[in-house]
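What follows is one structure encoded as structure tokens, with my remarks underneath.
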Amino acid sequence: MNLSSIPYSQPGTMTEMDRFIFECCGFIVIEDVLTEAECDQVLEAATRLHAGHSKEKLLQLGKGFEHEPAIERLIDHPAVLPKVRALYGENFVLQAAWCTVQPAGSQSVGWHQDGSSAFDFKQLGYPVPLVQLRASYHLTDQSEPFMGNMMLIPGSHRSRLDLPQSMRRELYACSMQQILLAKRGSVLLFHNGVWHSPMPNNMNYDRYNMHFIYSPPWLRRSDRDATDPEFLRQTTPVRRALMGDYARPDVPFAGGFPAIPFEDENGH
Ligand SMILES: O=C(O)CCC(=O)C(=O)O
């Protein structure tokens, strides 16, 4: 029995129960995706990526997978990708990959839904459709509060109303918010419509998360204009396909969409 009320799930297949929970909450948490050694490798890569950048506030850097193999390997991780396929079907792309640091002793509380500030996804219809499915790998421990945890309002992807503006910078913004107590190596998978905010990081070390955002193929990429041709040449066929660098610009909308060469039929 899970007394924490965190919507836990297991790596791999998206079960019927996972679907139900995701539908209700707008997120699930997949435990034990990365081992300690794998976390160390990705954390080293994340630290390299952020070297030379300011460490004053939350900072996200994109497309680290182009030159960091430990990050690249997470693009189609078998613990997570079957769930992305279950939610989207067979045609989707990696719209962005953000490596995010919440530096030691810093805070960036700001409640928001994911999407485009240029065009609020809520304008697309109700309920706000799933167009950015985010898989967040916790590279540092966030199993206690004030470790730069994600805070979320379960079910808020179904709300017709916005979180009141006056509460968006508040740590405790809503009586039903949840502070995600996430173990290192676990993954949060969440719907763009869920209201969320990072919690302050009161630790004396930097908090790192690695986010992968999957979208329908027609959504413009946000961490890159185009993928590095050298990366496309050397990566695997599945990862190349997930980059969405099509030879013809109309491919994401029209016929001739090349099938992503997944290795199996059922996503296991
Ligand atoms: O704390 C993080 O890593 C995520 C920040 C966030 O809420 C976002 O990128 O939308």
Side-chain angles (χ1 to χ4, degrees), residues 25-27 29-30 33-34 39 42-43 45-47 49-50 53-65 71 74 80 94-122 128 130-154 156-157 162-163 167-171 173-174 177-203 205-215 219 221-224:
C25 281
F27 60 96
V29 178
I30 315 168
V33 173
L34 299 182
C39 280
V42 189
L43 185 58
T47 312
L49 204 61
H50 278 265
H53 291 271
S54 151
K55 283 285 179 54
E56 280 160 31
K57 53 180 188 193
L58 185 118
L59 179 68
Q60 355 200 52
L61 299 176
K63 59 182 181 178
F65 58 82
I71 297 178
L74 305 184
V80 177
L94 182 73
Q95 191 257 350
W98 299 111
C99 180
T100 308
V101 65
Q102 179 77 63
S106 73
Q107 72 96 14
S108 319
V109 174
W111 289 87
H112 62 282
Q113 296 171 297
D114 280 344
S116 151
S117 54
F119 189 100
D120 190 335
F121 289 164
K122 279 204 292 300
V128 61
L130 178 66
V131 277
Q132 288 190 327
L133 177 62
R134 183 187 285 243
S136 304
Y137 289 74
H138 304 105
L139 304 181
T140 49
D141 182 33
Q142 290 157 61
S143 58
E144 299 289 333
F146 294 98
M147 295 179 118
N149 320 56
M150 190 67 93
M151 303 186 289
L152 307 113
I153 303 180
S156 54
H157 61 311
D162 287 338
L163 184 70
M167 301 311 283
R168 302 224 189 130
R169 296 272 161 208
E170 297 294 324
L171 180 57
C174 173
Q177 76 188 58
Q178 196 171 75
I179 297 169
L180 190 65
L181 303 181
K183 283 194 297 188
R184 190 175 188 228
S186 63
V187 172
L188 164 68
L189 189 66
F190 74 102
H191 188 298
N192 45 277
V194 175
W195 284 87
H196 63 280
S197 166
M199 192 172 209
N201 177 14
N202 290 356
M203 300 295 112
Y205 55 89
D206 301 334
R207 186 236 63 189
Y208 282 94
N209 284 344
M210 186 62 228
H211 304 273
F212 292 85
I213 297 165
Y214 303 91
S215 292
L219 195 68
R221 286 160 297 194
S222 63
D223 69 340
R224 60 200 191 279

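One-based numbering, in listed order, for ligands and for the atoms of each.
In the model, Gln102 has no side-chain atom that pairs as donor or acceptor with a side-chain atom of Lys57 under 3.5 Å. Under the 3.5 Å distance criterion, with hydrogens and angles disregarded, a donor-acceptor pair is assigned to the side chains of Gln95 and Ser222.
With a 4.0 Å cut-off on non-hydrogen atoms, His138 does not touch ligand 1 at all.
When Arg207, Arg134, Gln60, Gln102 are checked for heavy-atom proximity to atom 2 (C) of ligand 1, Arg207 turns out nearest.
Every residue two or more places apart in sequence or in another chain was checked for a salt bridge (Lys or Arg N to Asp or Glu O under 4.0 Å) with Arg224, and none qualifies. In terms of the side-chain contact (heavy atoms from CB on, under 4.5 Å) criterion, residue partners of Ser156 (sequence neighbours excluded) are, by chain and number, Ile153, Val194, Trp195.
For ligand 1 and Asn209, the ligand atoms under 4.0 Å from any heavy atom of the residue are 3 (O). For ligand 1, the atoms sitting less than 4.0 Å from at least one non-hydrogen atom of Thr100 are 2 (C), 3 (O), numbered in the order shown with element in parentheses. Remark: ligand 1 atoms within the under-4.0 Å shell around heavy atoms of His211 are 2 (C), 3 (O), 4 (C). Set against the non-hydrogen atoms of Pro198, the atoms of ligand 1 under 4.0 Å away are 1 (O). Below 4.0 Å from some heavy atom of Leu58 lie the following atoms of ligand 1, by number and element: 1 (O).
Within a 6.0 Å radius of CD in Glu144, no more than 12 heavy atoms belonging to other residues, nucleotides or ligands are found.
The closest donor-acceptor contact from the side chain of Asn192 to the backbone of Val131 lies under 3.5 Å.
Ligand 1 has no N or O atom lying under 3.5 Å from any N or O atom of Ser197, backbone or side chain.
Ring geometry for Phe190 versus His196: interplanar angle over 60°, hence perpendicular rather than tilted (30 to 60°).
Of the protein's non-hydrogen atoms, His112 NE2, 2.8 Å is the one closest to atom 10 (O) of ligand 1.
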